[in-house]
J.: 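Sharing a structure below in structure tokens format, with a few things to ask.
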Amino acid sequence: MNYFIVTGSSKGLGEATATLLLKENHHLICIARSENKDLELAAKESGAEFTFLQEDLSKHERVTGIMQYLLSKIEKDGQAEGVYLINNAGMVDPIKPAGKADETSMTKAIHLNLLTPMLMTNEFIRLTEEWNCKKVIVNISSGAANRPIHGWNTYCTTKAGLDMFTKSVGLEQSQAAHPTTILSFSPGIMDTDMQGVIRNSDEKDFSNVETFKNYHEEGQLRSPSFVAEKMINLISSSTVENGRVYDIKELL
């Protein structure tokens, strides 16, 4: 049995990824703030096992307990061929220049985009250290990790931090007896709710808003399903480099 833990699974890339993973011999574990009835129905028809946890992962204090609960159940099943953690949950808000963002929004974004995947990764590696099966962690990155964008200071910082965390853990795991493969995956611009948030930004807060509106109007946004398929093919490969940051453009 292959186990897939997908965060932020109710919409966007998370939903698309979860849908493609609904196959026999797969146990899909979805974590999101809201239920997705279509996904639950598809799970019943697929032959896959399905578990849903309704959680707000910006509440980082719950993360360790969630991972302990899930991994203990997987261990008790005793039939894991592979265990995959896809840290997809994230938020682009606050879209505000420094000095105009509120403390609550900044803190929530830092917790969800950076601290939560760090804690989930830490607990995953700790609890599966002796598991002799395929173990893969995917952190969803962004092109914003590589360049400053007006109004996105929090988002850019959290994604850059997540990429460095991925590289560091990949280096550490190269010396492990039963290593976990960890990678960052930058999906590019997709037709998701997050893009809607970006397009609805005030130009005073985000000077490039018209560019993103043009992406949408000109059909330049990739479908989440297309991106999810590329990512799944990547993590299924035996040639993935530990600690590497992959960009969707490399896989086209």
Side-chain angles (χ1 to χ4, degrees), residues 6-22 30 32-34 36-39 42 86-98 100-101 105-106 108-109 112-114 117 138-163 166 183-237 244-252:
V6 182
T7 70
S9 57
S10 63
K11 54 188 178 181
L13 180 60
E15 178 188 18
T17 301
T19 300
L20 291 175
L21 291 173
L22 290 173
C30 292
R33 289 182 302 168
S34 56
N36 183 318
K37 295 298 184 182
D38 291 338
L39 184 60
I86 301 174
N87 286 314
N88 167 74
M91 58 186 291
V92 69
D93 286 326
I95 300 178
K96 295 280 185 182
K100 295 187 177 180
S105 296
M106 291 182 72
K108 183 176 182 178
L112 182 60
N113 294 352
L114 180 57
V138 185
N139 291 321
I140 301 302
S141 184
S142 168
N146 304 314
R147 66 183 188 278
I149 300 174
H150 179 272
W152 290 20
N153 54 77
T154 301
Y155 187 71
C156 291
T157 299
T158 56
K159 291 302 183 181
L162 189 59
D163 279 358
T166 298
L183 62 116
S184 280
F185 175 73
S186 181
I189 52 175
M190 297 178 290
D191 191 8
T192 63
D193 288 353
M194 183 179 286
Q195 283 292 319
V197 172
I198 293 168
R199 291 193 300 272
N200 288 323
S201 301
D202 191 315
E203 191 170 2
K204 294 178 182 178
D205 297 325
F206 176 41
S207 60
N208 292 331
V209 66
E210 289 300 323
T211 300
F212 279 76
K213 289 180 179 178
N214 290 335
Y215 289 154
H216 182 254
E217 292 170 1
E218 295 170 5
Q220 296 187 42
L221 303 178
R222 297 187 183 95
S223 74
S225 295
F226 175 84
V227 176
E229 182 178 15
K230 295 296 183 183
M231 180 179 68
I232 292 170
N233 289 341
L234 173 65
I235 65 177
S236 301
S237 168
R244 183 175 166 185
V245 179
Y246 287 87
D247 192 289
I248 182 70
K249 294 175 185 176
E250 301 175 59
L251 310 177
L252 300 178

J.: Can you tell me how far apart CD1 (I232) and OG (S237) are? Round to the nearest 0.5 Å.
T.: 14.0 Å
J.: Looking at T192, D191, L252, which hits side-chain contact (heavy atoms from CB on, under 4.5 Å) with R222?
T.: L252
J.: In sequence, state the C-alpha distance, the side-chain angles, and the governing distance for L251 and N233, and then conclude on side chain to side chain contact (heavy atoms under 4.5 Å, CB included).
T.: CA-CA 9 Å; L251 310 177; N233 289 341; over 6 Å; no
J.: Evaluate the criterion side chain to side chain donor-acceptor pair (under 3.5 Å) for residue pair S141 and D163; output intermediate values, then yes/no.
T.: CA-CA 7 Å; S141 184; D163 279 358; 2.8 Å; yes
J.: Using salt bridge (Lys or Arg N to Asp or Glu O under 4.0 Å) as the criterion, list what pairs up with D205, not counting sequence neighbours.
T.: K96
J.: Measure the CG-CD1 distance between L234 and I248 for me, rounded to the nearest 0.5 Å.
T.: 9.0 Å
J.: With rounding to the nearest 0.5 angstrom, report the CD to CG distance, E15 to N88.
T.: 11.0 Å
J.: If the test is side-chain hydrogen bond (donor to acceptor under 3.5 Å, both in side chains), which one of N87, T166, N139 qualifies with S184?
T.: T166
J.: Could you report the tightest heavy-atom contact between L221 and Q195, atom names first, then the distance?
T.: CD2-OE1, 4.0 Å
J.: Please report the closest heavy-atom contact between A228 and T17, naming both atoms and the distance.
T.: CB-OG1, 3.5 Å
J.: Please list, chain by chain and in numerical order, all residues satisfying ring-ring contact (aromatic ring centres under 6.0 Å, His included) with Y155, sequence neighbours excluded.
T.: W152
J.: So if I apply the side-chain contact (heavy atoms from CB on, under 4.5 Å) rule between R199 and each of E217, E210, K213, M194, which one comes out positive?
T.: K213
J.: Does the pair F185 and I86 meet the rule for a side chain to side chain contact (heavy atoms under 4.5 Å, CB included), with working shown?
T.: CA-CA 10 Å; F185 175 73; I86 301 174; over 6 Å; no
J.: If we only count heavy atoms from C-beta on, is the T154 to P94 side-chain gap below 4.5 Å?
T.: yes
J.: Between L20 and S225, which heavy-atom pair has the shortest distance, and what is it?
T.: CD1-O, 3.8 Å
J.: Might you point out which heavy atoms bring A144 and I149 nearest each other, and give the distance in Å?
T.: CB-CD1, 3.9 Å
J.: Out of curiosity, L21 CG to S9 OG, how far, rounded to the nearest 0.5 Å?
T.: 11.0 Å
J.: Any side-chain heavy atom of H150 within less than 4.5 Å of one from P97?
T.: yes
J.: Run the side chain to side chain contact (heavy atoms under 4.5 Å, CB included) test on L22 and L39 for me, step by step, so that the C-alpha distance in whole Å, both residues' side-chain angles and the decisive distance to 0.1 Å come before the verdict.
T.: CA-CA 9 Å; L22 290 173; L39 184 60; 3.8 Å; yes
J.: Which heavy-atom pair separates L162 from L114 by the least distance, and what is that distance?
T.: N-CD1, 3.6 Å
J.: Do I140 and P187 have side chains that approach each other closer than 4.5 Å (heavy atoms only, starting at C-beta)?
T.: yes
J.: Would you mind listing every ring pair (Phe, Tyr, Trp, His ring centres under 6.0 Å) that reaches into residues 214-233, with sequence neighbours excluded?
T.: F212-Y215
J.: For side chain to side chain contact (heavy atoms under 4.5 Å, CB included), just list the numbers for I198 and V209, CA-CA rounded to whole Å, side-chain angles, deciding distance to a tenth of an Å, and then say yes or no.
T.: CA-CA 7 Å; I198 293 168; V209 66; 5.6 Å; no
J.: How far does NZ of K11 sit from CG of D193, to the nearest 0.5 angstrom?
T.: 4.5 Å
J.: So, taking the atom named OG1 in T157 and the one named CE in M106, what distance separates them when rounded to the nearest 0.5 Å?
T.: 8.0 Å
